[in-house]
Amino acid sequence: MGGGKGARLGEFEHMLLLAILRLEPGAYGAEIRRSLRERGGRVASLGAIYATVRRMDEKGLVRVEDAPSPRGGRPRRYVRVTPEGLEMLRATEEALRRMRDGLADRLGVEGA
């Protein structure tokens, strides 16, 4: 896996992995984009999503599998988080938790 010990996810990769994990086993471009917008307030093009998914696939964080489209036409590209991706997600979440620890009042959020 790329990055080595101490590597963390960028914000967009982090959000993508969370969206993919939430949508599994049916995570594909349009649903990922909808989840990013509805849950994360992040508007992203399908091109940006697929480019980032491709990079994460090269790093071993996700796997992409083509499956026939339910409506015919081009195959649908389903994405799933690998064990390495889940490990990287956990490490990033833990690092963020440690950084937020004790800052709830200053951030104006509960449980930070």
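Both backbone and side-chain heavy atoms feed into the values below; hydrogens, waters and symmetry mates do not.
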Tightest non-hydrogen contact, residues Ile20 and Val81, listed as CG2-CG2, 3.7 Å

If you measure from the Lys or Arg side-chain nitrogens to the Asp or Glu carboxylate oxygens, is any gap between Glu31 and Arg34 under 4.0 Å?
-> yes

Geometric cation-pi criterion Arg76 and Tyr28, 6.0 Å radius, 45° cone | yes

CZ of Arg63: more than 12 outside heavy atoms within 6.0 angstrom?
-> yes

Would a distance-only check, ignoring hydrogens and angles, find a side-chain to backbone donor-acceptor pair under 3.5 Å from Thr92 to Leu9?
-> yes

Please report the C-alpha distance between Glu93 and His14 in whole Å, then the side-chain angles of each, then the deciding distance to 0.1 Å, and finally whether the side-chain contact (heavy atoms from CB on, under 4.5 Å) criterion is met.
-> CA-CA 9 Å; Glu93 289 283 335; His14 190 175; 2.5 Å; yes

Is a salt bridge present between Glu13 and Lys59, judged by a nitrogen-to-oxygen distance below 4.0 Å?
-> yes

Linking I/L/V/M/F/W/Y whenever their side-chain heavy atoms sit closer than 4.5 Å, directly or via other members, would Met88 and Leu96 fall into one cluster?
-> no

Just by distance, do the side chain of Thr82 and the backbone of Leu61 share a donor-acceptor pair under 3.5 Å?
-> yes

How many angstroms lie between CD in Glu65 and CG in Asp57, if you round to the nearest 0.5 Å?
-> 10.0 Å

Kindly give the heavy-atom pair with the smallest separation between Arg80 and Glu24, and that separation in Å.
-> CA-OE2, 3.0 Å

Are any non-hydrogen side-chain atoms of Glu11 and Arg42 less than 4.5 angstrom apart?
-> yes

How long is the span from the CD atom in Glu94 to the CZ atom in Arg97, to the nearest 0.5 Å?
-> 4.0 Å

Can you hop from Leu36 to Val43 via hydrophobic side chains spaced under 4.5 Å?
-> no

Which atom names give the shortest non-hydrogen contact between Ser35 and Leu23, and what distance separates them?
-> CB-CD1, 4.1 Å

Tyr78 and Asp66, any side-chain heavy atoms less than 4.5 Å apart = no

So do the side chains of Ile49 and Phe12 get within less than 4.5 Å of each other, counting heavy atoms only?
-> yes

If you round to the nearest 0.5 Å, how far is CG of Leu16 from CZ of Arg33?
-> 12.5 Å

State, with a plain yes or no, whether a side-chain heavy atom of Ile32 is found less than 4.5 Å away from one of Leu46.
-> no

